[in-house]
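Ligands are counted one by one from 1 in listed order, and the atoms in each one are counted from 1 as well. One-based numbering along the sequence shown.
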Amino acid sequence: MIKSKIKTIGAIVLAGSFLLATPLIHNSFSTETSGAGLNAQNNNRKFLYDEQTKKTYGPKADIVWDKPTKVAFSHKIHTKDAGLTCTSCHISLFRMKAGAALANGDMTMASMAEGKFCGTCHDGSTAFATNTKCTSCHTNATELTPKAPIVWTKPVEAVVFYHKAHTEDFGLECNACHDGTFAMQKGAAEKAGNFTMQALYDGKYCGKCHDGSTAFASNTRCNTCHIGVKGYNRMMGNDGVHGATHKDTKAGH
Ligand code: HEC
Ligand code: HEC
Ligand code: HEC
Ligand code: HEC
Ligand code: HEC
Ligand code: HEC
């Protein structure tokens, strides 16, 4: 019976109606489990309770911090799935009170990188590090994405990189570049000394993708990346006035 349901759902999914199929899946499961749900104790509505192990796994709803950025924490993932006990976090790392750590003002990316709060475990060995997989904790990636373009002016003026185009328009994850290809710091590559066309042709930096297959090749469409002196001045909003016309004559390419 379940099989036939799945088949029907499959057909609906094939028809392209994902929105319709999702509630159907939930409905068929809730009818099977609602009996057990009714017998459970009152506070089970707020807490995750497992009939089989007769254990509670902490608050059912995600803890969500809205400021300064949106972050969600799931008890289920940490207790029921990863097998951590309550005491691994409470109360040495976190109080049993949503918002307490944040109100304290110390729960920042910097303190986590020093091994505090989430960083106690999210250090790259017990669990993934806080300088990776930004979007698994941050549920709103766009608020983390730099709005202003990254512009390099050395040795040639000027090369431009837009986050929005890469993350929103082309759907790349932060990790596609912030996995070691680029540091999350403006100007870092420029300081490294080998941020050259040759490096790009060798598949480094932008050349990791701009190789003619994932994205247009680095030895084509020079002007797409190199906006030149003229483009730079226009971007900085100082063309036309302040003697910019003088500079423009140098933008010969
Ligand atoms: C991996 C860490 C971690 C583990 C393990 C963990 N918690 Fe939590 N818990 C948190 C965090 C983080 C908060 C929010 C604290 C804050 O915002 O300052 C929290 C908050 C709570 C709250 C307060 C919720 C509210 O709405 O105010 C309760 C209750 C709670 N936890 C119970 C438990 C119980 C019971 C267990 C074990 C079954 C458990 N926790 C295991 C991290 C954890
Ligand atoms: C393990 C979870 C986790 C990961 C992974 C993570 N963050 Fe955070 N981040 C937090 C928490 C928790 C806060 C503090 C609460 C809040 O902002 O709502 C925070 C805060 C921030 C802030 C606010 C200012 C500051 O410095 O604290 C920024 C910006 C930020 N994160 C960026 C990032 C970026 C970029 C990445 C990926 C490199 C990342 N975070 C990865 C959990 C995480
Ligand atoms: C006591 C250790 C511990 C602490 C503290 C901790 N985590 Fe985790 N977390 C884990 C483990 C273990 C996993 C599962 C292994 C993994 O994904 O690397 C995990 C997984 C996750 C995941 C991945 C969920 C998925 O989609 O697979 C997220 C998101 C997360 N933690 C967020 C947080 C945030 C936010 C905090 C701080 C509020 C935090 N964790 C604090 C141990 C911890
Ligand atoms: C296609 C590559 C690419 C992707 C994808 C990408 N970035 Fe970047 N990011 C860069 C480059 C390049 C820099 C500048 C590094 C340099 O100058 O050395 C940068 C710099 C940054 C900086 C530092 C800005 C500053 O002013 O110092 C932050 C923060 C950042 N990225 C966040 C993110 C987040 C969050 C995501 C995912 C939503 C993301 N990036 C996705 C390439 C990328
Ligand atoms: C992780 C892969 C990846 C990396 C690394 C990467 N790009 Fe891209 N980029 C893409 C993809 C995919 C596109 C869209 C496909 C195309 O236009 O060929 C694109 C498009 C572009 C465009 C055209 C955008 C538009 O609005 O028309 C520019 C300019 C650009 N990238 C510059 C850069 C620069 C400069 C770097 C290095 C600082 C870089 N990219 C690094 C994947 C990447
Ligand atoms: C995918 C983006 C991209 C494309 C396409 C591209 N460049 Fe570059 N170019 C860069 C980056 C990034 C740098 C290093 C940062 C800087 O010099 O400001 C650079 C640096 C240079 C430099 C100075 C360093 C060196 O390697 O000598 C020259 C000259 C140059 N590019 C010429 C070109 C020419 C000519 C083309 C077209 C055949 C081209 N570039 C196409 C991104 C690109």
Visitor: Give the minimum heavy-atom separation between Ala199 and Tyr205, together with the two atoms involved.
Guide: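 That closest heavy-atom pairing would be CB-CD1, 4.1 Å.
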Visitor: Identify, for atom 4 (C) of ligand 5, the protein heavy atom at the shortest distance, and state residue, atom and that distance.
Guide: Cys209 SG, 3.3 Å
Visitor: Counting only heavy atoms, tell me which of Tyr57, Trp65, Phe47 gets closest to atom 29 (C) of ligand 1.
Guide: Phe47
Visitor: Regarding atom 15 (C) of ligand 1: of the candidates Lys46, Met96, Lys76, Lys97, which has the closest heavy atom?
Guide: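 That would be Lys97.
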Visitor: Which is closest to atom 25 (C) of ligand 2 in terms of heavy atoms, Met184, Lys67, Met109, Glu143?
Guide: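 Among Met184, Lys67, Met109, Glu143, the closest heavy atom to atom 25 (C) of ligand 2 belongs to Met109.
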Visitor: Tell me the protein heavy atom at minimum distance from atom 13 (C) of ligand 2, and give that distance in Å.
Guide: Met112 CE, 3.7 Å
Visitor: Quick test: of every protein heavy atom, which one is nearest to atom 33 (C) of ligand 5, and how far off is it to 0.1 Å?
Guide: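 Going atom by atom, the protein heavy atom closest to atom 33 (C) of ligand 5 ends up being His210 NE2, 3.5 Å.
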Visitor: If hydrogens are left out, which of Ala189, Cys206, Gly171, Ser213 has an atom nearest to atom 38 (C) of ligand 5, that is, the closest non-hydrogen atom?
Guide: Cys206
Visitor: Is the closest heavy-atom distance from Tyr162 to ligand 5 below 4.0 Å?
Guide: no
Visitor: Which residue supplies the protein heavy atom nearest to atom 11 (C) of ligand 5, what is that atom called, and how far is it?
Guide: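 Here the closest protein heavy atom is Ala215 CB, 3.6 Å.
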Visitor: Which ligand 2 atoms does Phe128 reach within 4.0 Å, using its non-hydrogen atoms?
Guide: 5 (C)
Visitor: Search all heavy atoms of Pro59 against all heavy atoms of Leu48 and return the closest pair with its distance.
Guide: O-CD1, 4.3 Å
Visitor: Any donor and acceptor pair, going by atom type alone, linking the side chain of Thr130 with main-chain N or O of Gly119 inside 3.5 Å?
Guide: no
Visitor: Return the residue, atom name and 0.1 Å-rounded distance of the protein heavy atom closest to atom 14 (C) of ligand 2.
Guide: Met107 O, 3.3 Å
Visitor: Give a yes/no on ligand 5: does Asp169 have at least one heavy atom closer than 4.0 angstrom to it?
Guide: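 Distance cut 4.0 Å: Asp169 fails for ligand 5.
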Visitor: Please write down residue, atom name and distance for the protein heavy atom closest to atom 12 (C) of ligand 5.
Guide: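 Of the protein heavy atoms, Thr214 O, 3.8 Å lies nearest.
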Visitor: For Lys67, does the NZ atom have more than 12 heavy-atom neighbours from other residues, nucleotides or ligands under 6.0 Å away?
Guide: no
Visitor: Let me check your reading of the structure: within less than 2.8 Å of atom 8 (Fe) of ligand 1, is there an N/O/S atom from His90?
Guide: yes
Visitor: In terms of residue, atom name and distance, what is the protein heavy atom nearest to atom 34 (C) of ligand 1?
Guide: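 For atom 34 (C) of ligand 1, the nearest protein heavy atom is Cys86 SG, 3.5 Å.
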Visitor: Look at atom 41 (C) of ligand 2 and say which protein heavy atom is nearest, naming residue and atom and giving the distance to 0.1 Å.
Guide: Thr130 O, 3.1 Å
Visitor: Which protein heavy atom lies closest to atom 30 (C) of ligand 5, and at what distance to 0.1 Å?
Guide: His166 CE1, 3.5 Å
Visitor: Identify the protein heavy atom lying closest to atom 17 (O) of ligand 5, giving its residue, its atom name and the separation to 0.1 Å.
Guide: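 For atom 17 (O) of ligand 5, the nearest protein heavy atom is Phe216 CD2, 3.5 Å.
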Visitor: With a cut-off of 2.8 Å, does Cys137 place any N/O/S atom under that distance from atom 8 (Fe) of ligand 2?
Guide: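 Checking atom 8 (Fe) of ligand 2 against Cys137, no N, O or S atom falls under 2.8 Å.
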Visitor: Using non-hydrogen atoms of the residue, decide whether Thr224 is closer than 4.0 angstrom to ligand 5.
Guide: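 Right, Thr224 reaches ligand 5.
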